Amino acid sequence: MDINNVAHAFNFEGEAISIKAFGSGHINSTYIADFGSKQYVIQKINTSVFKNPDELMDNVFAVTEYLRSEIEKSGGDAERETLNFVKTKDSKKYFKADNGECYRAYVFVKDSVCFDTADSPELFKKSGAAFGRFQRMLGSFPAKTLSETIPHFHDTLYRYENEFKKAIASADKAVLSSCKKETDFVISRKSDTDKITSLISGGEIPLRVTHNDTKLNNVLFDEKTKRALAVIDLDTVMPGSALYDFGDSIRFGASTAAEDESDLSKVSLSLEYFKAYAEGFLSEAGEVLTKTEKENLAFSAKLLTLECGMRFLTDYLNGNTYFKVDYPTHNLVRAKNQFALVSDIESKLEKMNEIIKSL
Ligand code: ADP
Ligand code: GN1
Ligand code: MG
């Protein structure tokens, strides 16, 4: 559907000057619409990933309204510190086109910037503080009112049994043999996959409202001051574990290479960045985290990296139907990269645990 016609459906102020594709996410398609005095973000919701857009949009509206009131209570600027969604002209939370495509919109935060890599530990530390604060602010949010937008999202054992093994069983033989080393890598670590979910089901760590997709590029920074402004990309805000949020941030931001770097000699876990993130995260969320949560922070980085690699590998085996890819082996390259990072984390786990203890 023509994005200009989509823009007409929303309650925007003024006339669009230009609308351009934007961002580097793997799931939704993002556009920036320039209306002169104001800019808006328009996103096409990937409905094969988010199968119930009504529930999804109820979630993100509820979460952002809650955050808005928390931010205002503490004297913050809710226009810049959370997403501000714009409804359609007929007051709907999203626009459903005649062809079934679904779009939502929010105000673009002026003079803000996102980073795909952290150019300094200080910047990464700020993102840790932003995600820690996000979790703390949602501490009293009524979790039961949230829908699970993607069931079993970080249930690594479920993904292993129900997605990874199924993908192996149905994969094209040539494709399967092209990644034997990688499938073996995952299989040999199966016993790790239920470690966080068992802690939750055994009542050893609490369920919290968490973000679940804590990549560095899901934090908006002020372009001038480099202050972390807002946590964005709220589609997977659901009941989860603080460990998911911590581990996923480390996976993405404490790696010395991009997630899809094919030269594996460049991939390792930076202990300096790990420490910086942990400092930031614990400075905001440390008081609410339990002892068992803290004891598992370092391990969470390993498990979330393994899980993400397994998801990339699963998608490669399935013929690339979930993540956006730039070339046919993109998901395999991503998987190899994540497994190189897992191996490096394994060799540094002791040191990582010591760092957490020292904080
Ligand atoms: P994706 O699913 O593609 O990751 P995001 O919601 O993370 O989608 O948005 C993609 C990018 O768009 C972000 O990384 C950021 O650069 C930019 N962006 C998103 N929302 C805003 C906003 N409210 N203000 C400014 N930039 C934004
Ligand atoms: C996807 O949408 P994006 O790019 O922020 C994925 C995450 C993965 C990530 C890997 C809904 O995030 O779970 O960790 O790619 N989001 C979803 O880069 O599956
Ligand atoms: Mg994103």
Side-chain angles (χ1 to χ4, degrees), residues 20-34 38-51 56 59-60 64 67 78-86 103-117 127 131 148-156 159 163 210-223 228-238 240 244-245 247-253 255 258-261 301 303-315 320-326 330-331 333-335 337-338 341:
K20 291 187 190 122
F22 191 75
S24 55
H26 298 339
I27 308 291
N28 297 314
S29 304
T30 305
Y31 303 86
I32 301 293
D34 185 2
K38 257 188 159 170
Q39 281 88 42
Y40 298 96
V41 178
I42 302 174
Q43 272 181 332
K44 182 173 152 193
I45 303 170
N46 182 332
T47 47
S48 53
V49 169
F50 298 104
K51 299 202 162 49
L56 172 75
N59 270 15
V60 293
T64 50
L67 288 173
E79 300 302 312
R80 291 175 72 71
E81 293 173 21
T82 189
L83 293 178
N84 291 278
F85 281 87
V86 181
Y103 295 84
R104 40 97 184 280
Y106 38 90
V107 180
F108 183 86
V109 178
K110 274 207 177 92
D111 303 318
S112 72
V113 61
C114 277
F115 298 98
D116 282 313
T117 51
S127 78
F131 282 119
E148 226 184 332
T149 53
I150 303 179
H152 306 287
F153 193 59
H154 285 307
D155 183 341
T156 320
R159 286 193 180 273
E163 296 175 359
T210 52
H211 183 280
N212 298 304
D213 186 5
T214 50
K215 297 206 282 201
L216 175 65
N217 61 18
N218 287 331
V219 179
L220 279 186
F221 289 83
D222 187 297
E223 205 170 16
L229 292 172
V231 166
I232 62 168
D233 208 343
L234 306 173
D235 296 335
T236 51
V237 175
M238 294 181 276
Y244 301 153
D245 280 6
D248 196 48
S249 284
I250 299 302
R251 172 192 79 75
F252 188 82
S255 173
E259 185 186 66
D260 61 352
E261 170 61 59
L303 184 57
L304 272 283
T305 307
L306 178 69
E307 178 190 279
C308 193
M310 178 175 75
R311 291 175 62 199
F312 288 142
L313 185 58
T314 300
D315 200 32
N320 309 317
T321 58
Y322 186 93
F323 296 103
K324 286 183 190 165
V325 288
D326 296 337
H330 202 167
N331 273 316
V333 167
R334 289 171 176 150
N337 173 305
Q338 299 294 287
L341 187 58

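Just so it is clear, the values below take in all heavy atoms, side chains as well, and ignore hydrogens, waters and symmetry mates. Read the numbers this way: they start at 1 and go in the same order the structure lists the ligands and their atoms. Note that the coordinates shown come from a computational prediction; the quantities given were computed from them, not determined experimentally.
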Would you mind checking which non-hydrogen protein atom is closest to atom 15 (O) of ligand 2, with the distance to 0.1 Å? His26 CD2, 3.3 Å
With no hydrogens and no angle check, is any side-chain donor or acceptor of Thr149 less than 3.5 Å from a backbone partner on Asp235? yes
Any N/O pair Asn212/ligand 2 closer than 3.5 Å: no
So, does Asp111 use its side chain to make a donor-acceptor pair with the main chain of Glu223 at under 3.5 Å? no
Less than 3.5 Å apart, any donor N or O on the side chain of Asn320 or His330 sitting next to an acceptor on the other? no
Mind checking what residues have non-hydrogen atoms under 4.0 angstrom from ligand 1? Phe22, Gly25, Asn28, Thr30, Val41, Gln43, Leu83, Tyr106, Val107, Phe108, Val109, Ser112, Cys114, Asn217, Asn218, Leu220, Ile232, Asp233
How close does the nearest protein non-hydrogen atom get to atom 1 (C) of ligand 2, and which residue and atom is it? Ile27 CG1, 3.8 Å
Gap separating the CZ atom of Phe115 from the CG atom of Asn217, nearest 0.5 angstrom: 11.0 Å
Which of the numbered atoms in ligand 2 are below 4.0 angstrom from a heavy atom of Asn218? 5 (O)
Are Gln43 and Thr30 linked by a side-chain donor-acceptor pair shorter than 3.5 Å? yes
Phe312 neighbourhood, listing ligand 2 atoms whose heavy-atom distance to it stays under 4.0 Å: 10 (C)
Ile42 CD1 to Lys20 NZ distance, which is reported to the nearest 0.5 Å: 13.5 Å
Going through the distances and angles, do Arg334 and Asn331 end up as a side chain to side chain donor-acceptor pair (under 3.5 Å)? CA-CA 5 Å; Arg334 289 171 176 150; Asn331 273 316; 3.0 Å; yes
Glu307 side chain near Asp248 side chain, heavy-atom distance below 4.5 Å: no
What residue and atom, counting heavy atoms only, is the protein's closest point to atom 8 (C) of ligand 2, and at what distance? Arg311 NH1, 3.9 Å
Plane angle bin for Tyr244 and His154 - parallel if under 30°, tilted between 30 and 60°, otherwise perpendicular: tilted
Below 4.0 angstrom from a heavy atom of Gly25, which ligand 2 atoms are there? Numbered from 1 as shown, please. 4 (O)
Hey, does the side chain of Asp213 reach the backbone of Asp233 with a donor-acceptor pair shorter than 3.5 angstrom? no
Let me confirm one number: the CG-NZ distance from Asp315 to Lys324, rounded to the nearest 0.5 Å. 13.0 Å
Minimum heavy-atom separation for Ile232 and Leu83, please, with both atom names. CG2-CD2, 3.6 Å
Measure the distance from atom 9 (C) of ligand 2 to every protein heavy atom, then report the residue, atom name and distance (to 0.1 Å) of the closest one. Lys215 NZ, 3.6 Å
Subset of ligand 2 atoms that lie under 4.0 Å from at least one heavy atom of Asp233: 5 (O)
Are any of the N or O atoms of Glu259 closer than 3.5 Å to those of ligand 2? yes
Looking only at protein heavy atoms, identify the closest one to atom 19 (O) of ligand 2 and say how far it is in Å. Tyr322 OH, 2.5 Å
For Phe50, counting its heavy atoms only, list the atoms of ligand 2 lying under 4.0 Å from any of them. 11 (C)
Is Asp245 reaching over with its side chain to a backbone N or O of Asn212, donor-acceptor style, under 3.5 angstrom? yes
Would the distance check show the side chain of Thr314 and the main-chain N or O of Met310 forming a donor-acceptor pair, the cut-off being under 3.5 Å? yes
Please determine whether any non-hydrogen atom of Phe252 lies less than 4.0 Å from an atom of ligand 2. no
Which protein atoms of type N, O or S are found under 2.8 Å from the Mg ion (ligand 3)? Asn218 OD1, Asp233 OD2
Asp213, Thr236, Asn46: member with heavy atom nearest to atom 5 (O) of ligand 2: Asp213
Output the distance between atom CD (Gln338) and atom CG (Asp260), rounded to the nearest 0.5 Å. 9.5 Å
Would you say the side-chain atoms of Asn337 pair up with the backbone N or O of Glu261, donor to acceptor, closer than 3.5 Å? yes
Please verify whether a non-hydrogen atom of Arg251 lies at under 4.0 Å from ligand 2. yes
Check Arg80 with Asp222, please: is the shortest side-chain N to carboxylate O separation under 4.0 Å? yes
